[in-house]
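Only one structure is covered here, and it is reproduced in the block below.
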Protein chains: 2
Amino acid sequence: MQIGELARSTGVKIETIRYYEREHLLPVPQRTDGNYRLYSPRHVEQLRFIRYCRSLDMSLEEVRILIEARDAPAGSCRTVNALLDEKMAEVDARVDELRQLQHQLRNLRGLCPQPDEVKTCAILMELNRSARIVKAQI
Amino acid sequence: MQIGELARSTGVKIETIRYYEREHLLPVPQRTDGNYRLYSPRHVEQLRFIRYCRSLDMSLEEVRILIEARDAPAGSCRTVNALLDEKMAEVDARVDELRQLQHQLRNLRGLCPQPDEVKTCAILMELNRSARIVKAQI
DNA sequence: CTTGACCCTGAAGCTACTTCAGGCTTTTCA
DNA sequence: TGAAAAGCCTGAAGTAGCTTCAGGGTCAAG
């Protein structure tokens with residue numbers, strides 16, 4: 001299977017596949033006489049594994065750790081648990097952050113329901129005011 | 001006011017301040033005879049404005065747009081409204097995404113309450129299984 | 001035999017900074 | 001007075017996770 005077919009069958013861009021190879025996330029594939037990469041079903045699985053982890057917001061470094069854990073059948077999966085716990089905490093924190101952000105943006109946006117002139121724009125005035133207040137807090 | 005004092009009084013790193021200057025987000029400051037940057041209160045305000053916008057998750061490009069709008073007193077603030085509307089939509093979408101992620105991570109984590117051996121680790125088995133299913137969906 | 005689809009490499013670009021190397025200027029203290 | 005320390009300078013490179021680009025080779029079809 002050439003890189004184009006792998007790309008089509010996984011929905012991953014060709015460049016990204018080559019990038020993962022450079023990053024040692026995908027094993028080096030065989031080559032044809034014409035120097036084309038040749039992939040096996042094992043590559044397909046690994047690539048899907050990577051993308052699924054990425055869809056769970058894991059960094060490539062974290063994916064690397066998971067792959068390593070997976071390939072060490074004797075080890076404990078404590079690492080995997082810890083990684084997930086950390087990730088969940090991160091996501092929770094980020095959600096809280098974004099919720100606060102939603103409130104701030106909504107408040108700001110509520111100041112100017114109709115497009116007006118900039119010199120009297122309540123949003124810009126508020127942005128400036130808030131910036132000054134942030135100063136006071138620091 | 002030298003760059004160090006500006007940094008201290010705004011909580012922004014010196015390197016970041018110089019970076020904003022390179023990016024034309026901060027006006028070029030005066031210099032002393034020894035070539036040290038000299039800032040005015042106007043710079044302090046502008047820097048705070050930038051950081052406040054950044055805390056609202058705006059990109060530097062968006063901050064640039066806001067600054068431009070602010071400095072064009074005759075314009076309409078339609079741009080500002082549109083920018084905020086777009087930003088709010090983005091944040092809403094991201095929150096939804098992260099909530100789904102939370103569920104997935106919790107489910108995954110629930111598979112292995114006690115650290116076990118990798119070869120029987122339910123999490124890794126599930127990661128592999130899910131990756132295959134994602135394949136089926138594509 | 002040439003066109004088009006496919007593949008190759010290495011380098012650079014993206015965001016928003018941070019870090020580093022190497023070298024001035026100014027202040028402080030002995 | 002002189003030297004160390006603190007502060008500042010520049011330009012370049014590094015960070016994550018790709019994407020894009022330039023310039024070229026390979027292969028099947030017409």
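Predicted model, so just to flag it, every value in this text is computed and none were measured. Computed from heavy atoms alone, side chains included, the values below leave out hydrogens, waters and symmetry copies. So that the names make sense, note that chain A is the first sequence line, chain B the second, and so on, each numbered from 1.
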Practice prompt. Name all residues meeting the side chain to side chain contact (heavy atoms under 4.5 Å, CB included) criterion together with Glu86(A); count only those two or more places apart in sequence or in a different chain, and write none if there are none.
Written response: Glu90(A)
Discussion item. If the condition is side-chain hydrogen bond (donor to acceptor under 3.5 Å, both in side chains), which residues does Arg22(A) pass it with, not counting sequence neighbours?
Written reply: none
Worksheet item: Can you name the residues that form a side chain to side chain contact (heavy atoms under 4.5 Å, CB included) with Leu25(B), not counting sequence neighbours?
Response: Tyr20(B), Glu23(B), Ile50(B), Leu60(B), Val63(B), Arg64(B), Ile67(B)
Worksheet, complete the sentence: Paired with Leu105(B), the side-chain contact (heavy atoms from CB on, under 4.5 Å) test is passed by just one of Leu84(A), Asp57(A), Asp85(A), Asp92(A), namely Leu84(A)
Fill in: Protein-to-nucleotide contact annotation, 5' to 3' order, nucleotides 3-19 of chain C [B base; S sugar-phosphate only; - none; under 4.0 Å, heavy atom]
---BSSB------BBSB
Discussion item. What's the angle between the local helix axes at either end of the helix from dC1(C)-dG30(D) to dA30(C)-dT1(D), using five pairs per end and rounding to 10 degrees?
Written reply: 30°
Worksheet item: Any ring pair (Phe, Tyr, Trp, His ring centres under 6.0 Å) pairs touching residues 23-51 of chain A, not counting sequence neighbours?
Response: Tyr39(A)-His43(A)
Discussion item. Which residues pass the side chain to side chain contact (heavy atoms under 4.5 Å, CB included) test with Asn107(B), not counting sequence neighbours?
Written reply: none
Item to complete: Using a cut-off of strictly less than 4.0 Å between a heavy atom of the residue and any atom of DNA chain C, enumerate the qualifying residues of residues 87-102 of chain A by number.
Response: none
Item to complete: Measure the distance from CG on Asp33(A) to P on dG25(D) and round it to the nearest whole Å.
Response: 18 Å
Practice prompt. Kindly write out the residues that satisfy side chain to side chain contact (heavy atoms under 4.5 Å, CB included) with Leu83(B), not counting sequence neighbours, or none if the list is empty.
Written response: Met58(B), Glu62(B), Ile65(B), Leu66(B)
Worksheet entry | Contacts of Glu21(A) that satisfy side-chain hydrogen bond (donor to acceptor under 3.5 Å, both in side chains) - sequence neighbours left out | Arg37(A)
Fill in: side-chain hydrogen bond (donor to acceptor under 3.5 Å, both in side chains) partners of Asn35(B), counting only residues at least two apart
Arg31(B)
Discussion item. Under the rule for side-chain hydrogen bond (donor to acceptor under 3.5 Å, both in side chains), what residues qualify as partners of Glu97(B), not counting sequence neighbours?
Written reply: Arg94(B)
